[in-house]
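First listed ligand is number 1; within each ligand, the first listed atom is number 1. All heavy atoms count here, side chains included; hydrogens, waters and symmetry mates do not.
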Amino acid sequence: MGELTVRPATPADVPAIAAIYGHSVINATASFEVVPPEESEMARRMKILTDGGFPYLVVEREGEVLGYGYAGPYHARAGYRNTVEDTIYLAEKARGQGVGGFLLRSLIDAATQLGFRQMIAVIGDSNHHASIRLHRAAGFEQVGLLKDAGYKHGQWLDVVLMQRVLGPGASVPPDSPPLR
Ligand SMILES: CC(C)(COP(=O)(O)OP(=O)(O)OC[C@H]1O[C@@H](n2cnc3c(N)ncnc32)[C@H](O)[C@@H]1OP(=O)(O)O)[C@@H](O)C(=O)NCCC(=O)NCCS
C-alpha cells in the first residue's frame with residue numbers, strides 16, 4: 001500500500017470531502033446533521049475556516065483523498081479564540097487502519113503551531129467507540145457527557161465532550177493579543 005500523506009485542503013478537494021461527509025450524514029450519527037450538504041455549501045464552510053486561519057487538512061494515498069479534518073472555532077465569541085473544535089471524517093474503506101490517528105495528530109500539530117491552546121472533540125454519541133478511542137489515543141480526556149442531547153435515526157443520542165491541551169496550554173498567557 002502507498003504512503004499516507006497529509007496536506008492542506010483546497011477547493012479542488014470539495015467533491016471528495018462532500019462525498020465522505022454526505023455518506024456519514026446519511027448512514028451514521030457522528031454528525032447530527034441529517035441532510036447531506038451540497039458541494040457549494042461544503043465549499044462555503046471550507047472557505048470560512050481557511051479564510052479565518054484555521055487548519056483544514058486532507059489525508060491521501062496515491063493521490064486519492066481518504067479523509068479530511070479541520071480545527072474550527074469551538075464557539076464564535078472572542079473569549080473562546082484560543083480554543084478549537086476538531087472534526088475528522090474518513091471514507092468508509094479507510095477506517096480502522098490508523099488513518100484517523102495519523103490525520104488527528106497532524107491536525108493537533110497544525111493547531112498547536114498556530115498558537116491554539118485547547119482542542120475539544122464533540123462526539124456523537126457515547127457508543128461511538130472508534131472516535132472516543134481515536135481521541136483518547138491522541139491525548140484527549142473525557143470532560144463531559146451531555147445526555148440525550150440529540151435525536152437521529154430513531155434514537156436519542158448522547159454527546160461526549162473530550163479535551164486536550166495544545167502546546168503550553170494555560171501555563172502562559174495566549175499568543176493572541178488581549179482583548180481588554
Ligand atoms: C472515527 C474515525 C475518524 C476513526 O478513524 P480510524 O482511522 O478509523 O481510527 P484508527 O484506526 O486510527 O483507530 C483509532 C482507535 O479507535 C479504535 N477503533 C477503530 N475503529 C473502531 C471500531 N469500529 N470500534 C471500536 N474501536 C475502533 C482503534 O482500535 C484505535 O484504538 P486504540 O488506539 O485504542 O487501539 C473514523 O472511523 C471515521 O471517519 N468514522 C466516520 C466519521 C466519524 O465518525 N468521525 C468522527 C466524528 S466525532
Side-chain angles (χ1 to χ4, degrees), residues 1-9 13-37 39 41-42 45-46 49 54-75 83-111 116 118-164 166:
M1 238 189 256
E3 199 185 332
L4 285 177
T5 52
V6 169
R7 62 166 172 80
D13 298 314
V14 165
I17 289 170
I20 290 168
Y21 181 61
H23 184 272
S24 270
V25 167
I26 291 169
N27 296 295
T29 54
S31 168
F32 286 2
E33 196 157 15
V34 295
V35 178
E39 287 180 13
E41 170 61 12
M42 293 302 282
R45 295 179 190 182
M46 176 191 283
L49 290 170
F54 295 94
Y56 197 134
L57 307 175
V58 291
V59 59
E60 60 184 3
R61 182 186 280 135
E62 291 167 356
E64 183 185 6
V65 172
L66 298 179
Y68 71 96
Y70 54 81
Y74 173 60
H75 279 307
T83 297
V84 284
E85 176 182 336
D86 77 290
T87 294
I88 293 209
Y89 283 88
L90 301 185
E92 203 162 25
K93 68 176 183 184
R95 297 180 196 164
Q97 306 155 37
V99 178
F102 181 64
L103 179 57
L104 180 54
R105 287 191 299 278
S106 302
L107 200 56
I108 289 168
D109 288 348
F116 295 107
Q118 302 289 330
M119 186 175 275
I120 294 177
V122 179
I123 298 169
D125 71 318
S126 39
N127 288 324
H128 196 348
H129 304 297
S131 185
I132 293 167
R133 288 184 64 159
L134 170 86
H135 284 90
R136 197 173 288 139
F140 287 72
E141 285 177 19
Q142 185 172 329
V143 292
L145 178 71
L146 309 180
K147 292 293 293 175
D148 302 324
Y151 189 86
K152 184 177 176 184
H153 294 171
Q155 49 184 329
W156 293 103
L157 300 166
D158 297 342
V159 172
V160 179
L161 297 175
M162 299 184 78
Q163 182 171 359
R164 184 197 197 281
L166 301 176

Identify every side-chain donor-acceptor pair in residues 102-110 under 3.5 Å, counting partners at least two apart or on other chains, and give the distances.
unit_1 : atom_1 : unit_2 : atom_2 : d
R105   : NH1    : G101   : O      : 3.4
S106   : OG     : F102   : O      : 2.9

Quick check for you: to the nearest 0.5 Å, what is the distance between [X] atom [atom1] and [Y] atom [atom2]?
| X | Y | atom1 | atom2 | result |
| --- | --- | --- | --- | --- |
| H135 | M119 | NE2 | CE | 8.0 Å |
| E141 | R136 | CD | CZ | 9.5 Å |
| Y89 | H23 | OH | NE2 | 13.0 Å |

Indicate yes or no for a side-chain donor-acceptor contact from [X] to the backbone of [Y] under 3.5 Å, with no hydrogens or angles considered.
| X | Y | value |
| --- | --- | --- |
| H153 | I26 | yes |
| R61 | G2 | yes |
| D158 | D148 | yes |
| K93 | L66 | no |

If we only count N/O pairs under 3.5 Å, is [X] in contact with ligand 1?
| X | result |
| --- | --- |
| H135 | no |
| L90 | yes |
| A94 | no |

What residue and heavy atom of the protein are closest to [atom], and at what distance?
| atom | value |
| --- | --- |
| atom 23 (N) of ligand 1 | A130 CB, 4.1 Å |
| atom 42 (C) of ligand 1 | Y89 CD2, 3.2 Å |
| atom 8 (O) of ligand 1 | G96 N, 2.7 Å |
| atom 48 (S) of ligand 1 | S131 OG, 3.4 Å |
| atom 3 (C) of ligand 1 | I88 CG2, 3.6 Å |
| atom 7 (O) of ligand 1 | G100 N, 2.7 Å |
| atom 31 (O) of ligand 1 | R133 NE, 3.3 Å |
| atom 2 (C) of ligand 1 | L134 CD2, 4.4 Å |

Can you sort out which atoms of ligand 1 are near [X], meaning under 4.0 Å from one of its heavy atoms?
| X | result |
| --- | --- |
| H129 | 25 (C) |
| A137 | 33 (O) |
| A30 | 43 (C), 44 (O), 47 (C) |
| S24 | 41 (C), 42 (C) |
| G101 | 12 (O) |

**Request:** I would like to know whether L57 and V59 meet side-chain contact (heavy atoms from CB on, under 4.5 Å); could you show each step before the answer?
**Result:** CA-CA 7 Å; L57 307 175; V59 59; over 6 Å; no

**Request:** Check the angle between the aromatic planes of Y56 and Y68 and answer parallel, tilted or perpendicular using the 30° and 60° thresholds.
**Result:** parallel

**Message:** Using heavy atoms and a 4.0 Å limit, tell me yes or no: is G98 in contact with ligand 1?
**Reply:** yes

**Asked** Under 4.0 angstrom from ligand 1, any heavy atom of R136?
**Response** no

**Message:** For atom 35 (O) of ligand 1, is there a protein heavy atom at a distance under 4.0 Å?
**Reply:** yes

Considering only distance and modelled atom types, tabulate donor-acceptor pairs under 3.5 Å from the side chains of residues 28-36, sequence neighbours left out.
unit_1 : atom_1 : unit_2 : atom_2 : d
S31    : OG     : Y21    : OH     : 2.7
S31    : OG     : E33    : N      : 3.0
E33    : OE1    : Y21    : OH     : 2.6
E33    : OE1    : R45    : NH1    : 3.1
E33    : OE2    : R45    : NH2    : 2.8

